[in-house]
S.K.: 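The structure is given below, and queries will be raised subsequently.
This is a predicted model, so every value here is computed, not measured. Chain letters run A, B, ... following the sequence lines, proteins first and then strands; every chain starts at 1.
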2 protein chains.
Amino acid sequence: MVVHILAHNHEEILKKVKSELPEDELICDLADLFKVFGDTTRMKILYSLFESEMCVCAIAELLGMAQSAISHQLKVLKNANLVANRREGKTVYYFLADNHVRTIVAQGFDHLIEKHQKQK
Amino acid sequence: MVVHILAHNHEEILKKVKSELPEDELICDLADLFKVFGDTTRMKILYSLFESEMCVCAIAELLGMAQSAISHQLKVLKNANLVANRREGKTVYYFLADNHVRTIVAQGFDHLIEKHQKQK
DNA sequence: CATTCATATGATAACATATTCATACGTATT
DNA sequence: AATACGTATGAATATGTTATCATATGAATG
């Protein structure tokens, strides 16, 4: 008598993986963090701040965008704790909040490079 | 005679930062890569694959979503070289393409933790 | 205290994205 | 070759996101 193995019994894998999966909230927070890196304008802002702190209107000029757009994006970056700011008179200077930003971007960069090399 | 400094002369900063900014294409590619991490469903899939390779329908069952939705997202992950797959009969198994994925996610995780601790 | 400059914010419109449904494709089995 | 199963894909819808405009806020200055 032949014992038929069910084509798709995932029970064991599912049980194992399910037990190791982090809470939904953590996963959402992570996704939300990466979402912040996932926009060209914000990435440009971050790269700019790699070089130097900058005021809002300088960034706007650099990227050729409206000051308002930059302000909105800086708010997003600030909410994610990626940048911080300081006021000096009328001017507000933004700068990187910590070095994680560089590390995360650098990791992404490495991945791109590797991907690129594989495709040769 | 008092020399007035123009309130907002960014020329020097702009020149410096501009010269250091990577090409638009690189920045776009980077943003596009992080965009892939920036979705809860995809992040759940990645976390699942941390544990074990899985077939499409197992992931669908695990996440309680339609098989089609998972297929679509797996395609996005594959296009970004974050996952790869192998066929075994009718079944297609997906797995992490390399360890960058873990590293990138871990960096994001670290940032979240630090942010959380600062808020205490 | 009215004005100017720098920044922030709210509303809106244009665009992008994710999920589902329906269905097609590919593989194995009878 | 007909069927069943697992996966992929296209279209459509619902939902999010981004940039801009208009305008408000906040700080310095005459």
Side-chain angles (χ1 to χ4, degrees), chain A residues 2 4-10 13-14 27-28 31-46 49 53-80 83-95, chain B residues 2 4-10 13-14 27-28 31-46 49 53-80 83-95:
Chain A
V2 178
H4 284 273
I5 295 164
L6 278 175
H8 259 89
N9 179 10
H10 318 108
I13 285 265
L14 284 191
I27 296 208
C28 282
D32 284 345
L33 173 63
F34 285 115
K35 211 173 286 178
V36 177
F37 288 94
D39 174 84
T40 306
T41 300
R42 287 190 293 264
M43 188 58 77
K44 281 180 186 170
I45 294 177
L46 291 176
L49 299 184
E53 70 168 15
M54 284 207 268
C55 65
V56 179
C57 62
I59 301 175
E61 197 179 332
L62 178 67
L63 303 193
M65 290 174 62
Q67 168 268 321
S68 168
I70 303 301
S71 249
H72 280 299
Q73 297 296 18
L74 284 169
K75 193 177 187 180
V76 174
L77 290 166
K78 199 182 170 195
N79 283 341
V83 306
N85 59 16
R86 69 184 178 83
R87 178 149 221 147
E88 197 173 285
K90 288 176 274 186
T91 308
V92 177
Y93 291 94
Y94 281 82
F95 50 91
Chain B
V2 177
H4 284 273
I5 295 166
L6 278 175
H8 259 86
N9 178 10
H10 317 109
I13 285 264
L14 284 191
I27 295 207
C28 281
D32 284 344
L33 173 63
F34 286 115
K35 212 175 284 179
V36 177
F37 288 95
D39 174 84
T40 307
T41 299
R42 287 191 292 265
M43 188 59 78
K44 280 181 186 168
I45 294 176
L46 291 176
L49 299 183
E53 70 169 13
M54 284 207 267
C55 65
V56 180
C57 62
I59 300 175
E61 196 179 331
L62 178 68
L63 303 193
M65 290 174 63
Q67 169 267 320
S68 168
I70 303 300
S71 249
H72 280 298
Q73 297 295 18
L74 284 169
K75 193 176 187 181
V76 174
L77 290 166
K78 199 183 170 196
N79 283 340
V83 306
N85 59 14
R86 68 184 177 84
R87 179 152 221 145
E88 196 171 287
K90 287 175 276 187
T91 308
V92 178
Y93 291 94
Y94 281 82
F95 50 91

S.K.: Can you tell me how far P of D:dT7 sits from CD of B:Gln73, to the nearest Å?
M.R.: 16 Å
S.K.: Counting the atoms with a prime plus P, OP1 and OP2 as sugar-phosphate, which does A:Ala66 contact under 4.0 Å by heavy atoms, base, sugar-phosphate, or nothing?
M.R.: sugar-phosphate
S.K.: B:Asn85 has an atom CG; how far is it from atom P of D:dA8, in whole Å?
M.R.: 7 Å
S.K.: Side chains of B:Arg86 and B:Tyr94: closer than 4.5 Å at any heavy-atom pair?
M.R.: no
S.K.: Which whole-number value in Å describes the distance from A:Lys75 NZ to C:dT7 C1'?
M.R.: 12 Å
S.K.: Considering only heavy atoms and no angle criterion, is a donor-acceptor pair shorter than 3.5 Å present between the side chain of B:Thr41 and the base of C:dT19?
M.R.: no
S.K.: Check the pair B:Phe37 / B:Leu46 against side chain to side chain contact (heavy atoms under 4.5 Å, CB included), numbers first and verdict last.
M.R.: CA-CA 9 Å; B:Phe37 288 95; B:Leu46 291 176; 3.8 Å; yes
S.K.: Report yes or no: is there a donor-acceptor pair, N or O only, under 3.5 Å between the side chain of B:Ser68 and the base of D:dT9?
M.R.: yes
S.K.: Rounded to whole Å, how long is the line connecting atom NZ of A:Lys90 with atom P of D:dA24?
M.R.: 20 Å
S.K.: Separation of B:Glu88 atom CD from D:dC5 atom P, in whole Å?
M.R.: 19 Å
S.K.: Does the side chain of B:Arg42 get closer than 4.0 angstrom to OP1 or OP2 of C:dA18 through an N or O atom?
M.R.: yes
S.K.: Starting at CG of A:Asp39 and ending at P of D:dG16, how long is that distance when rounded to a whole Å?
M.R.: 18 Å
S.K.: Is there side-chain contact between B:His10 and A:Glu61, with at least one heavy-atom pair below 4.5 Å?
M.R.: yes
S.K.: Is B:Lys78 touching bases, backbone alone, or none of the nucleic acid, heavy atoms closer than 4.0 Å?
M.R.: nothing
S.K.: Could you state the NZ-C1' distance from B:Lys35 to D:dT18, rounded to the nearest angstrom?
M.R.: 11 Å
S.K.: Which residue in the set A:Leu63, A:Asp39, A:Leu62, A:Thr40 passes side-chain contact (heavy atoms from CB on, under 4.5 Å) when paired with A:Ile45?
M.R.: A:Leu63
S.K.: Does A:Thr91 get its side chain close enough to the base of C:dC5, under 3.5 Å, for a donor-acceptor pair?
M.R.: no
S.K.: Whole Å only: how far is the CD atom of B:Gln67 from the C1' atom of C:dT19?
M.R.: 13 Å
S.K.: Hey, which sits more toward the 5' end of DNA chain D by its nearest nucleotide, B:Leu74 or A:Val76?
M.R.: B:Leu74
S.K.: Which is more 5' along DNA chain D, the nucleotide nearest A:Arg87 or the one nearest B:Val92? Just name the residue.
M.R.: B:Val92
S.K.: Does A:His72 lie flat on the base of C:dT9, that is, centres under 5.5 Å apart and planes under 30° off?
M.R.: yes
S.K.: Can you tell if the side chain of A:Ile13 reaches within under 4.5 Å of the side chain of B:Glu53, non-hydrogen atoms only?
M.R.: no
S.K.: Using a 4.0 Å heavy-atom cut-off across all strands, classify A:Tyr94 as base, sugar-phosphate, or nothing.
M.R.: sugar-phosphate
